[in-house]
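Here is the structure we will look at, set down as structure tokens.
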Amino acid sequence: MKLVVTEKNIAAQKIADLLSVGKPKADKVYNTPVYRFQVDGDEWVTIGLRGHILEPDFMPSIVYKKSSGWQGVTAEGEVVPAHIPDFLPKPPFKTKRKPFKEDGVEMGAWKMDALPYLAYAPIEKKPKEKDIIRSLKNLAKKSDEIIIATDFDREGELIGSDALSCMKEVNDTAPVFRARYSAITKDEIQHAFSHLVELDNDLAQAGESRQDIDLIWGAVLTRYLTIVKFAGYGNVRSSGRVQTPTLALIVARERERMAFVPEDYWVIKARFGKEPEDFEATHAMARFKAEAQANAVMGHVEDASKGVISSIEKRKRTVAAPVPFNTTSLMAAAASEGLSPARTMRIAESLYMDGYISYPRVDNTVYPESLDLEGTVRKLSDVAVYRPYCQELLSKGALVATRGKKETTDHPPIHPTAAADPDKLGAPEWKLYNLIARRFLATLSESAVVEGTKVTIDVASEPFVTRGDVLVKPGFRAIYPYGLKKDEQLPSLEEGQSVDFQGATCTKKQTEPPARYSQGKLIQEMEKLGLGTKATRHAIIERLYTVKYVQNDPIEPSQLGIAVCDALGKFAPQITSPDMTATLEEDMNKIAAGEKSRKDVVDLSRDILHDVLDELLPHQEEVKDALADAVAADAYVGPCPKCGKDLQLRASSKTRSMFIGCAGWPDCDVTYPLPKGKVEALEEKCPTCGMPQIKVTAFRSKPRTLCIDPNCPTNQEPDVVVGKCPTCAEKGLDKKLIASKNPRTLKRFIRCENYEECETSYPLPQYGELTATEETCEHCGAPMVIVKTARGPWKLCPNFNCPGKEKEAEEKEAKAAQKKVAAKPTAKKAPAKKTAKKPSPKKEKE
DNA sequence: GCAAGGTC
């Protein structure tokens with residue numbers, strides 16, 4: 001049997017399709033899909049991995065013992081050659097420890113003085129995808145030839161090499177080959193499999209050096225930052241080769257903004273003509289630096305009532321159609337449509353798995369010749385909104401596509417592969433599909449021609465200018481309206497014509513600092529600097545958000561982010577600069593070319609890290625104070641009304657839920673409850689009571705501004721009678737149900753007015769205007785209420801245990817499942833089916 | 001409890 005190992009399932013499936021004469025048989029080995037077929041009487045099987053199946057880690061159980069001459073000894077008793085260089089004393093302790101207390105403070109398992117040794121700790125590869133490894137070994141045992149057919153790049157070579165090391169454990173006699181292909185097309189695949197080569201061990205070693213260096217630097221610096229000011233488990237402050245330079249970019253931009261000195265300038269605008277044909281023009285001196293100068297102009301035109309058109313210049317310009325989407329340009333375009341890069345990639349992945357779009361992780365921006373442009377346009381004409389445009393494109397004869405600058409042959413640029421129905425996709429899915437489909441059609445379209453008109457009007461010898469853009473030939477803009485400004489139509493004017501002058505206004509303005517990075521812009525900047533890859537950049541940015549180094553969009557660093565960046569910039573400048581990645585790339589190229597060994601490169605990196613620690617370790621106190629101050633500044637809400645110390649956003653150590661507490665605790669016991677959702681402190685104080693205010697953003701709703709004091713009149717809500725108590729009614733009593741808010745917990749609920757005897761109570765959403773109805777729930781008899789939120793009014797039965805709720809959930813699920821089936825495009829080669837997500841009842845409740 | 005890189 002011949003075993004073909006690919007990087008991912010979809011490649012295994014497609015390669016089987018292309019090599020097999022008939023249809024390959026889909027099978028499973030321990031839950032891993034495999035594809036079996038025959039070629040000239042030979043049995044073949046393909047299996048897809050899931051990217052890397054092994055993962056480097058420090059040997060967890062390593063102990064340094066005197067009895068073994070300070071050599072490391074694993075739990076199995078195996079002696080690990082000590083990588084500890086001569087200048088470090090031999091460590092008589094484990095690299096990992098159990099949590100311990102120092103001066104009564106819990107310090108965590110990592111210890112500072114272990115870090116220099118960790119920089120030199122040996123690394124082993126441990127299994128990451130155990131199920132896949134089991135399936136792989138099972139197949140390898142029965143194989144008499146192994147073909148590694150992972151992606152044709154450095155990581156692909158490493159993934160293949162790791163897979164091979166697993167297979168060698170069970171079969172080291174079968175000959176091994178490598179198939180190199182750069183596109184999964186019939187020609188490429190057949191050529192690759194008829195010209196098999198050897199696995200490039202040097203290239204795999206280059207990839208492994210990347211893994212080792214990332215682990216060593218990441219683990220050592222992350223541990224340093226986390227324990228230098230230990231803030232409890234779960235509060236990790238991370239650092240890494242890619243994330244830290246990315247953070248540095250954001251911080252540098254913030255510094256520029258802080259250093260920016262705004263300058264005053266004045267703008268003079270005037271209105272001309274008669275309604276409705278009136279228009280606005282700006283003084284030709286767009287920005288007046290001095291107020292006197294602007295005032296002089298205002299004086300000149302003060303008495304004027306007419307202006308004369310002194311010139312009309314028309315200029316046509318061509319706007320080229322956009323080039324095909326790769327991952328980066330898709331994320332940038334989607335970001336301007338309000339989809340974050342991370343969200344875009346999640347949605348793109350699901351659209352891809354459902355067969356609507358092509359593989360979403362690509363660098364390529366040139367459609368390969370094998371891509372059937374015409375057929376794809378024909379498919380898209382099944383979508384009603386694209387139909388007229390598609391028919392027009394097809395009627396024009398041969399299709400010509402635009403080409404981007406990056407041409408690789410691994411995958412085609414991102415394009416639609418099937419027609420989608422806007423009613424059957426979720427709103428964000430359709431948004432992204434629509435963007436991709438329209439972009440595809442745009443790349444096959446002609447340029448747009450825009451006619452720009454510049455009109456100069458003379459008022460008492462002062463020139464005013466207005467411009468208008470008119471689309472002369474829509475070209476691609478007919479189908480692709482994204483990121484373009486609207487037409488500005490000017491009334492028809494002639495040179496020498498006199499127009500009414502309705503007066504001018506002078507406005508004082510200030511120059512703006514450079515803008516913060518949007519997520520899309522940051523990704524482009526990372527790409528320019530070689531930071532991360534197309535598949536990881538969005539995840540890196542998301543990581544910066546989760547460790548709370550950055551916040552908001554456009555991206556703004558937190559005080560903690562700035563402090564981390566400063567501390568590392570001062571004592572470990574290597575990790576804050578993109579140069580480390582650039583140097584690593586050079587070194588990896590040398591390893592791949594056989595000019596350097598992985599050991600040399602990694603050992604040198606270990607030495608550099610050790611030097612960095614020589615700087616970091618003596619400055620622990622300084623870094624600790626800087627981080628502590630930054631964390632306090634980020635948590636600061638306002639002054640405590642009782643003791644004057646800082647009120648801070650805090651997390652309960654038991655429940656992890658957030659509250660506001662006084663920094664003077666335990667001497668001062670002032671606390672305030674917080675509602676659910678993301679909380680941010682505001683500088684502006686409550687206009688009613690003067691206490692600090694917070695911005696609260698609950699899941700999928702608009703942010704609200706609240707006073708932190710539950711007793712503030714702005715937080716009071718009158719009790720509302722919502723109906724009759726059904727339990728008391730059964731007993732023949734006439735009792736009312738009342739909705740009210742608990743001022744201590746901010747929770748709003750309904751209970752019986754006779755609550756001392758009757759237990760009837762229902763929870764309510766925490767915010768939104770509440771109104772009672774006359775209706776009662778048909779399932780449980782509870783009174784129906786209406787809650788008005790940002791998303792509109794919503795009628796609900798408040799009873800959490802209402803039998804109607806279960807039915808509703810069932811119906812919803814059934815409907816969703818139906819939708820899923822109906823939404824499946826009728827593509828012939830539908831990719832693997834995605835499992836439907838389970839609806840989370842907790843999130844839906846909010 | 002760490003990184004970044006694949007992929008789901």
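Predicted, not measured: the structure shown is a model, and the values here were computed from it.
- Listed candidates were B:dG6, B:dG1, B:dA3. Nearest to the side chain of A:P56 is B:dA3.
- The CG atom of A:L203 lies 8.5 Å from the CZ atom of A:F152; values are rounded to the nearest 0.5 Å.
- Using a 4.0 Å cut-off, some side-chain N or O of A:T533 falls inside it from OP1 or OP2 of B:dG6.
- Within 4.0 Å (heavy atoms only), A:K128 reaches at least one base atom of the nucleic acid.
- Among B:dT7, B:dA3, B:dG5, the nucleotide with an atom closest to any side-chain atom of A:D151 is B:dT7.
- Put simply, A:R241 has a side-chain N or O that comes within less than 4.0 Å of OP1 or OP2 on B:dG5.
- Relative orientation of the A:H610 and A:Y120 rings is tilted, given thresholds of 30° and 60° on the angle between their planes.
- Residue A:T536 places no side-chain N or O under 4.0 Å from the OP1 or OP2 atom of B:dA4.
- Using a 4.0 Å heavy-atom cutoff across all strands shown, A:G156 reaches no nucleic acid atom at all.
- A:S239 comes within 4.0 angstrom of sugar-phosphate atoms only, judged by non-hydrogen atoms across all strands, and of no base.
- In this structure, the CD atom of A:Q243 is 14 Å from the C1' atom of B:dG5, given to the nearest Å.
- For the pair A:R543 and B:dA3, the criterion of a side-chain N or O lying under 4.0 Å from OP1 or OP2 is met.
- Between the side chains of A:D17 and A:Y35, no donor N or O sits under 3.5 Å from an acceptor N or O.
- An OP1 or OP2 oxygen of B:dA3 is reached within less than 4.0 angstrom by no side-chain nitrogen or oxygen of A:Q211.
- For B:dC8, its base never sits under 3.5 Å from the side chain of A:N9 at any donor and acceptor pair.
- Remark: A:R361 is in phosphate contact with B:dT7, judged by side-chain N or O atoms under 4.0 Å from OP1 or OP2.
- Taking the six-membered ring for Trp and the full ring otherwise, the centers of A:Y359 and A:Y352 sit less than 6.0 Å from each other.
- Picking from B:dG6, B:dC2, B:dA4 the nucleotide with the shortest atom distance to the side chain of A:S238 gives B:dC2.
- Nearest nucleotide to the side chain of A:E129, out of B:dC8, B:dA4, B:dC2: B:dC8.
- At the phosphate of B:dT7, OP1 or OP2 sits under 4.0 Å from a side-chain N or O atom of A:Y359.
- Between A:R598 and A:D212, at least one side-chain N (NZ, or NE/NH1/NH2) sits under 4.0 Å from a carboxylate O, which counts as a salt bridge.
- Residues A:L215 and A:A535 both approach DNA chain B. Their nearest nucleotides, taken by heavy-atom distance, put A:L215 toward the 5′ side.
- In the set B:dC2, B:dG6, B:dT7, the nucleotide with an atom closest to the side chain of A:T222 is B:dC2.
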